[in-house]
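Just so it is clear: chains get the letters A, B, ... in the order the sequence lines come, proteins before strands, and each one is counted from 1. These values consider heavy atoms only, across backbone and side chains, with no hydrogens, waters or symmetry-generated copies.
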Amino acid sequence: MRASQFHIATTKETPTDAEIVSHQLMLRAGLIRRLASGLYSWMPLGLRVVRKIEAIVREEMNRAGALELLMPAIQPAELWQESGRWEKYGPELLRLQDRHDREFCVGPTHEEVITDIARRELRSYKQLPINFYQIQTKFRDEIRPRFGVMRSREFIMKDAYSFHIDGASLSETFDDMHTAYCAVFDRIGLDYRAVDADSGSIGGAKSTEFHVLANSGEDGLATSSMSDYAANVEKAAVVCTTTRGDATQAHTVIDTPKVHTIAELCKATGADAAQCAKTLLVNGVGMNNHEDGSAVDGPKIVALVLRGDHELNDIKAEKHPLVQSPLTFAEAKDIRTVAKCDAGSIGPIGLDVPIIADQDAANLSDFVVGANENDKHITGVNWGRDLPEPEVADLRNVVEGDPSPDGKGLLNIVRGVEVGHIFELGTTYSEALKTAVPDESGKNQILHMGCYGIGVTRVAAAAIEQNHDDKGIQWTRAIAPFEVVIVPINAAKSDSVKAASEKLYQGLLDAGFDVLLDDRPLRPGVMFADMELIGIPHRLVVSDKLLPENKLEYRNRRESDSEVIDYADAIARISG
RNA sequence: CGGGGUAUGGCGCAGUCUGGUAGCGCAUCUGGUUUGGGACCAGAGGGUCGUAGGUUCGAAUCCUGCUGCCCCGACCA
């Protein structure tokens, strides 16, 4: 490709609304343009990257035996009603009507459609296992789209769905997909981790997430220092190592004016955060939703007690039978009703609601709590003496230094961007959509199902997040929009530079390289800056300085120095 | 959904408090000089100041409604 015939649209200035480096660089390099909140156009340069990622994904899926198909982006409501997700999925599902007022949605995922295909197409166990996939645009009406294409509403996803006669066959394909995903991310050249994950709203049993490690990542990952254990912090179980000490202090009410936070409480009392308990009031199951006008017979509130230095884990809390899912905090008026005070002074003593304590909070003795009276706290509190023994559960996020759940080593916490997720769904959807085939004995068996996703467009952003410097993007060769760029110096004045550049360009094309010839009539500095911003891995500079000796200059995007090479060695140099 | 911020040429911003001819940098176009790290000189084009209404002789500026966008948020208990 000749740069003069391409659309190169770089900017020197960073757009103010771009928060993270990948978003900034994608805009500055002209890879994407914003259309509306969470909606981005892929410009020619950016689309080249997307297509290369797609090609790698496609090759590895095909290699793993999956079959590509393409399903409609728009899906009829009936299927979603059949699976029960029309109600369950919530406002993230973009719903619309056609001219006959029939209800549809824009697919955020395709379990319903593929299961419908499976129940129509699959007639015998002999056709199993089978794994279908597509690479397609999805739409999820995110509450808060951000970070450009990292969390956009419309995005490209590779989604695969496998069908099996039993769970053992599903597990085999699940493992095959795990291997295929590793192959994809290895080929792209990403530093990633496969971690145990919560299967979330999609349902099912086992699931593994693939995360690209990056500080800007929205997920916390817990990894063991001694083993290959790795899990999303949402999922990582807390191994409780604390034991309760004896009560030595008296129950004492103290004045704590203007103290509302644990930090303020520590400052006011000199207590350590680990010696304080915080009491969170959340809405319980049966909390009226007020919208249908039905009578409210008192708020169904649940109190969760955690140690002051620990964070509540929403996912773990939601799993408790008394807690409403999704987790929501009690409203101010309900807090007043239940605790007779405002948030900031709540404590577990005397609350007439179910009290669930995190393991470590339940092991506290002589601890500090809110007094359920504004501007007062209580010190020297002990379970069993000052208040009943609580129900105990694992409610908190693991923290750095917690023991690894597999018993080997301690946990480190790192941040990651989720780029892939594979699930053993089991029979959730095939039961709902009555998908079964006869087995060897002729008896109908509900199919077992797996699903496997890769966020293609997010991979592009994550790759930049992990590969950049102060000059711009540093693509790995596998997904670079161009593998090599030729920069002629002063071609307008020098016929020999021009001729040598053209010859080199043709030679690289013939050798099968994805090559860009920067034939724009620009000063060298501009071309260098543009090509570094765009992130092309290899650069060949043709100039009158070196041409008489049949030499040119080579520079790798990741190196700070150039080297002079023989003109004839150019192709060999960038092949390595 | 709640809170905060913001909206002025393609991009980044000033001007708003204190109402009086809409400005700067980058980018673009023309001509010339330049040509190994985002050049210089001269000239040019481009803005219903988000939108609807109000106050006023006069509104980017003051008032009201609406909308878009960005950030923060269920951790404060």
Side-chain angles (χ1 to χ4, degrees), chain A residues 9-20 23-24 27-28 30 33-39 90-92 142-148 256 258-265 273 276-283 301 303-314 317-318 324 326-332 334-336 338-348 351 368-377 395-397 471-472 487-494 497 520-533 539 541-546 552-553 555 560 562:
Chain A
T10 56
T11 61
K12 264 190 274 193
E13 293 186 86
T14 303
T16 42
D17 53 357
E19 195 73 358
I20 61 171
H23 189 196
Q24 293 169 353
L27 289 168
R28 284 190 56 207
R33 293 291 182 234
R34 195 186 71 90
L35 176 64
S37 177
L39 300 176
E92 222 174 275
E142 296 275 353
I143 306 173
R144 185 141 91 90
R146 59 185 138 177
F147 305 148
T256 51
K258 290 186 187 161
V259 167
H260 301 290
T261 67
I262 291 291
E264 288 164 0
L265 182 62
C276 302
K278 55 183 173 186
T279 308
L280 310 167
L281 298 184
V282 302
N283 292 319
I301 300 289
L304 306 177
V305 181
L306 283 102
R307 229 168 66 182
D309 58 335
H310 287 154
E311 278 187 2
L312 177 66
N313 179 311
D314 298 17
E318 281 169 12
Q324 193 175 64
L327 185 86
T328 48
F329 281 78
E331 288 177 32
D334 293 332
I335 291 176
R336 281 218 68 90
V338 169
K340 316 280 188 294
C341 68
D342 296 317
S345 302
I346 306 172
L351 284 183
V368 185
V369 300
N372 292 328
E373 185 182 343
N374 282 351
D375 299 332
K376 290 201 191 303
H377 281 77
L395 293 177
R396 70 170 174 95
N397 283 333
K471 294 195 174 88
V487 179
I489 303 297
N490 208 3
K493 285 250 175 85
S494 167
V497 165
R520 298 175 298 170
L522 296 173
R523 298 164 62 86
V526 180
M527 292 194 277
F528 291 151
D530 270 356
M531 293 308 135
E532 279 159 356
L533 174 60
R539 184 181 80 188
V541 179
V542 180
S543 71
D544 273 328
K545 206 163 72 182
L546 296 171
L552 43 74
E553 179 190 302
R555 174 114 145 226
S560 54
S562 307

Margin query: Suppose you measure atom P in B:C57 against the same atom in B:C40; what distance do you get, rounded to whole Å?
Written below: 50 Å
Next item on the list: Ignoring hydrogens and angles, tell me if any N or O in the side chain of A:Gln24 forms a donor-acceptor pair with the backbone of A:Ala18 under 3.5 Å.
Entry: yes
Next item on the list: Nearest whole angstrom, please: distance from the P of B:C72 to the CZ of A:Arg144.
Entry: 5 Å
Note to self: Pick the closest RNA chain B nucleotide for A:Arg34 and for A:Phe528 by heavy atoms, then say which residue is nearer the 5' end.
What the structure shows: A:Phe528
Note to self: Need one value for A:Arg336: base, sugar-phosphate or nothing, where a base atom within 4.0 Å counts as base even if backbone is also close, heavy atoms only.
What the structure shows: nothing
Check: For B:U64, which nucleotide in any strand shown is its Watson-Crick or wobble partner with both distances under 3.5 Å?
Finding: B:A52
Next item on the list: Using the P atom as the reference point in each nucleotide, state the distance between B:G3 and B:G12 in Å, no decimals.
Entry: 27 Å
Next item on the list: Give a yes or no answer on whether the side chain of A:Asn372 reaches the backbone of A:Gly347 with a donor-acceptor pair at less than 3.5 Å.
Entry: yes
Next item on the list: Mind checking A:Arg555 for me? I need base, sugar-phosphate or nothing, with any heavy atom below 4.0 Å counting as a touch.
Entry: base
Check: In whole angstrom, what separates A:Leu522's CG from B:G38's C1'?
Finding: 10 Å
Next item on the list: By nearest nucleotide on RNA chain B, pick out whichever of A:Ala529 and A:Ala492 is the more 5' one.
Entry: A:Ala492
Margin query: Under 4.0 Å, heavy atoms only, any strand: does A:Val282 hit a base, just the sugar-phosphate, or nothing?
Written below: nothing
Next item on the list: Scan A:Ile143 against the nucleic acid and name what it touches under 4.0 Å (heavy atoms): base, sugar-phosphate only, or nothing.
Entry: base
Check: Has the side chain of A:Arg34 got a donor or acceptor atom that lies under 3.5 Å from a matching backbone atom of A:Leu39?
Finding: no
Notebook entry, point to check: Nearest 0.5 Å, what's the CG-CG distance between A:Asn313 and A:Asn397?
Noted result: 4.5 Å
Check: Atom CG of A:Asp17 and atom P of B:G10: how far apart are they, to the nearest Å?
Finding: 16 Å
Note to self: At 4.0 Å (heavy atoms only), tell me whether A:Ile335 reaches a base, stays on the sugar-phosphate, or touches nothing.
What the structure shows: base
Notebook entry, point to check: Looking at B:C76, B:G36, B:C75, which one has an atom nearest to any side-chain atom of A:Asp314?
Noted result: B:C75
Next item on the list: Could you work out the separation of B:U51 and B:U8 based on their P atoms and round it to a whole Å?
Entry: 10 Å
Next item on the list: Write down the distance between CZ (A:Arg307) and C1' (B:C75), rounded to a whole number of angstrom.
Entry: 16 Å
Next item on the list: Take atom CG of A:Leu304 and atom P of B:C76, then tell me their distance rounded to the nearest Å.
Entry: 16 Å
Next item on the list: Using the P atom as the reference point in each nucleotide, state the distance between B:G46 and B:U56 in Å, no decimals.
Entry: 35 Å
Next item on the list: For B:G38, take OP1 and OP2 only and decide whether either is under 4.0 Å from a side-chain N or O of A:Thr10.
Entry: no
Notebook entry, point to check: With a 3.5 Å cut-off and just heavy-atom distances, do the side chain of A:Thr16 and the base of B:G12 make a donor-acceptor pair?
Noted result: no
Next item on the list: Tell which nucleotide pairs with B:C1, taking only Watson-Crick or G-U wobble pairs whose two distances are both under 3.5 angstrom.
Entry: B:G73
Check: Quantified in whole Å, what is the P atom distance between nucleotide B:U61 and nucleotide B:G50?
Finding: 8 Å
Notebook entry, point to check: Roughly how many Å is it from CG in A:Asn490 to P in B:A39, rounded to a whole number?
Noted result: 14 Å
Margin query: Under 3.5 Å for both donor-acceptor distances, Watson-Crick or wobble: does B:C17 have a partner, and if so which one?
Written below: none
Item checked: Donor-acceptor contact present, side-chain A:Arg28 to main-chain A:Thr11, <3.5 Å -> yes
Between the protein and nucleotides 25-28 of chain B, which nitrogen or oxygen pairs come in under 3.5 angstrom?
unit_1 : atom_1 : unit_2  : atom_2 : d
B:G25  : N2     : A:Glu13 : OE2    : 3.0

Item checked: Touch class at under 4.0 angstrom, heavy-atom based, for A:Arg33 against every strand present -> nothing
Item checked: B:U34 phosphate, OP1 or OP2, under 4.0 Å from A:Arg523 side-chain N/O -> no
Next item on the list: Rounded to the nearest angstrom, tell me the gap between atom CD1 in A:Ile489 and atom C1' in B:G37.
Entry: 9 Å
Note to self: I need the CD-C1' distance between A:Glu311 and B:A77, as an integer number of Å.
What the structure shows: 15 Å
Margin query: For A:Asp530 and A:Thr10, which I'm curious about, is there any donor-acceptor pair between the side chains at under 3.5 Å?
Written below: yes
Notebook entry, point to check: Under the 3.5 Å rule, do the base of B:G12 and the side chain of A:Arg28 count as making a donor-acceptor pair?
Noted result: no
Item checked: Shortest non-hydrogen contact from A:Pro145 toward A:Gly38 -> CB-CA, 3.7 Å
Check: Once you round to the nearest 0.5 Å, how far does CG of A:Leu306 lie from OG1 of A:Thr279?
Finding: 9.0 Å
Check: Taking the same atom, P, in B:G4 and in B:G10, what whole-Å distance lies between them?
Finding: 31 Å
Note to self: Suppose you measure atom P in B:G20 against the same atom in B:C62; what distance do you get, rounded to whole Å?
What the structure shows: 11 Å
Next item on the list: Once you apply the 3.5 Å cut-off to both distances, tell me the Watson-Crick or G-U wobble partner of B:U30, or none.
Entry: B:A42
Note to self: Please tell me if A:Ser37 has a side-chain N or O lying less than 4.0 Å from either OP1 or OP2 of B:C70.
What the structure shows: yes
Next item on the list: Kindly say whether A:Thr261 contributes a backbone atom to a donor-acceptor pair with the side chain of A:Lys278 at under 3.5 angstrom?
Entry: no
Notebook entry, point to check: With both distances under 3.5 angstrom, what nucleotide forms a Watson-Crick or G-U wobble pair with B:A59?
Noted result: none
Notebook entry, point to check: Are A:Lys545 and A:Glu553 close enough for a salt bridge, meaning some N to O gap below 4.0 Å?
Noted result: no
Next item on the list: Indicate, with a heavy-atom threshold strictly under 4.0 Å, whether A:Glu264 touches base, sugar-phosphate, or nothing.
Entry: nothing
